[in-house]
Novice: 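For reference, the structure I am asking about is given below.
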Amino acid sequence: MNILKKLLTALRGGAREAGEAVIDANAMRIYEQEIVDARNHIGQAKESLTTVMAQDMQVKRELEALTSEIAKHEVYATEALNKGNEALALEVAEKIAKLENELKQLSERKDELVKQIDSLKTQIRNGEKTIAEHERQLAMVKTTDSVQKATIAISENIAANNSQLNSAKDSLERIRKRQQETSDKLVAGAELAEENSDAGLKQKLQEAGIVEENTGAAVLARLKAKS
């Protein structure tokens with residue numbers, strides 16, 4: 001059982017590592033999608049804010065209507081009292097009380113809506129600031145990623161070029177060596193040809209002092225001897 005438990009733990013560890021590898025490989029895409037999702041949520045929040053603001057405007061109109069209705073019935077109640085009809089004045093007063101209760105409830109509802117509007121506006125404003133900051137960060141990491149990829153590509157190209165240059169250098173050395181060998185062969189051939197010619201023999205006789213070199217000085221000395 002202990003071995004099985006360890007095997008299961010190892011499998012879970014492998015799955016976790018594989019999951020982290022997938023996340024790391026797609027981190028940029030995930031981050032960008034998270035920003036897109038946040039933008040969508042902000043859009044939904046704005047739609048909700050629009051709805052709440054519309055409700056607030058409706059409640060405001062109802063409050064104005066109730067306030068006008070109460071003022072009108074107060075006039076009725078006053079006229080009834082002036083005419084000595086307290087029963088009618090009481091009936092109107094009860095109507096006013098009912099309208100005032102509705103006004104109170106509606107006023108409380110409007111206060112709630114105002115708070116909701118202020119809260120939503122604050123959340124949207126803060127959310128947009130946060131998203132804007134993340135978008136700036138995304139642009140920076142994208143730029144860094146592009147620079148790093150370019151740097152890696154350049155490094156790889158330089159390494160490849162160095163390998164090619166080294167190969168070219170080896171080829172050049174082989175060419176030079178072959179040319180030097182050819183040059184040496186040509187020199188050796190010329191020396192061999194000279195040794196096999198009369199000029200070569202004459203040079204050897206001159207060097208041995210058997211045959212004098214026919215120079216201008218030798219000719220002048222011969223002419224002097226004749227005269």
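All heavy atoms count here, side chains included; hydrogens, waters and symmetry mates do not.
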Novice: Would you say CD of Gln58 has more than 12 non-hydrogen atoms from neighbouring residues, nucleotides or ligands within 6.0 angstrom?
Specialist: yes
Novice: Check whether more than 12 heavy atoms from other residues, nucleotides or ligands sit under 6.0 Å from atom OH of Tyr76, and answer yes or no.
Specialist: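 Counting other residues, nucleotides and ligands, OH of Tyr76 stays at 12 neighbours or fewer.
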Novice: To the nearest 0.5 Å, how far apart are CD in Gln33 and CD1 in Ile35?
Specialist: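 That separation rounds to 10.0 Å.
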Novice: For Leu63 and Ser107, work out which heavy atoms get closest and say how close.
Specialist: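 Closest heavy-atom pair between Leu63 and Ser107: CD2-OG, 3.5 Å.
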Novice: Rounded to the nearest 0.5 Å, what separation is found between the CG atom of Asp37 and the CD1 atom of Ile131?
Specialist: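 Asp37 CG to Ile131 CD1: 10.0 Å, rounded to 0.5 Å.
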Novice: Quick one: do Leu90 and Ile70 end up in the same hydrophobic cluster if we chain Ile, Leu, Val, Met, Phe, Trp and Tyr together by side-chain heavy atoms under 4.5 Å apart?
Specialist: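 No, it is not one cluster - the side chains of Leu90 and Ile70 are not joined through contacts under 4.5 Å.
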Novice: Would you check if Lys60 and Glu64 make a side-chain contact, meaning some heavy-atom pair closer than 4.5 Å?
Specialist: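 Heavy-atom side-chain distance check passes, below 4.5 Å.
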Novice: Give a yes-or-no answer on whether the side chains of Gln179 and Arg176 include a donor-acceptor pair shorter than 3.5 Å.
Specialist: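 No, Arg176 and Gln179 have no side-chain donor paired with an acceptor closer than 3.5 Å.
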Novice: Is it the case that one hydrophobic cluster holds both Met57 and Val114, taking links as side-chain heavy atoms less than 4.5 Å apart, direct or via other members?
Specialist: no
Novice: Are Gln137 and Glu133 side-chain neighbours, meaning at least one heavy-atom pair lies under 4.5 Å?
Specialist: yes
Novice: Is there a continuous path of hydrophobic side-chain contacts, each under 4.5 Å between heavy atoms, that joins Leu81 to Leu88?
Specialist: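 No, no single cluster joins them.
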Novice: Between atom CG of Leu138 and atom NZ of Lys142, what is the distance when rounded to the nearest 0.5 Å?
Specialist: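 Nearest 0.5 Å value for the CG-NZ distance: 4.5 Å.
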Novice: Do Lys98 and Glu102 come within less than 4.5 Å of each other through their side chains, counting heavy atoms only?
Specialist: yes
Novice: Quick one: CG on Asp111 to CG on Asp56, what's the gap to the nearest 0.5 Å?
Specialist: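 Asp111 CG to Asp56 CG: 9.5 Å, rounded to 0.5 Å.
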Novice: Mind listing the closest non-hydrogen atom pair of Arg109 and Val59 along with its distance?
Specialist: CG-CG2, 4.1 Å
Novice: Would you find a donor on one side and an acceptor on the other, under 3.5 Å apart, between the side chain of Asn82 and the backbone of Thr78?
Specialist: yes
Novice: Tell me whether Lys46 at atom NZ has more than 12 heavy atoms from other residues, nucleotides or ligands lying less than 6.0 Å away.
Specialist: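 Result for NZ/Lys46: open.
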Novice: Any side-chain heavy atom of Gln44 within less than 4.5 Å of one from His41?
Specialist: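 They are in side-chain contact.
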Novice: side-chain contact (heavy atoms from CB on, under 4.5 Å) between His134 and Glu34: does it pass, once the steps are laid out?
Specialist: CA-CA 10 Å; His134 280 297; Glu34 287 173 341; over 6 Å; no
Novice: Please determine whether side chain to side chain donor-acceptor pair (under 3.5 Å) holds for the pair Glu112 and Gln116, giving the CA-CA distance in whole Å, both sets of side-chain angles, and the decisive distance to 0.1 Å.
Specialist: CA-CA 6 Å; Glu112 291 176 1; Gln116 288 181 10; 5.3 Å; no
Novice: Give me the atom names and distance for the closest heavy-atom approach of Glu69 to Leu99.
Specialist: CG-CD1, 3.5 Å
Novice: For a quick test of reading the model, state the closest non-hydrogen atom pair linking Leu49 to Lys121 and the distance between them.
Specialist: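 Scanning both residues completely, I find the closest heavy atoms to be CD2-CG, 3.8 Å.
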Novice: So Glu100 and His73, do their side chains get closer than 4.5 Å, heavy atoms only?
Specialist: no
Novice: Give me the atom names and distance for the closest heavy-atom approach of Ile124 to Ile42.
Specialist: O-CD1, 4.1 Å
Novice: Might you work through the side chain to side chain donor-acceptor pair (under 3.5 Å) test for Ser119 and Gln123, ending with a clear yes or no?
Specialist: CA-CA 6 Å; Ser119 177; Gln123 291 178 30; 3.0 Å; yes
Novice: Taking all heavy atoms of Ile96 and all of Ala77, pick out the closest pair and write down the distance.
Specialist: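 Scanning both residues completely, I find the closest heavy atoms to be CD1-CB, 4.3 Å.
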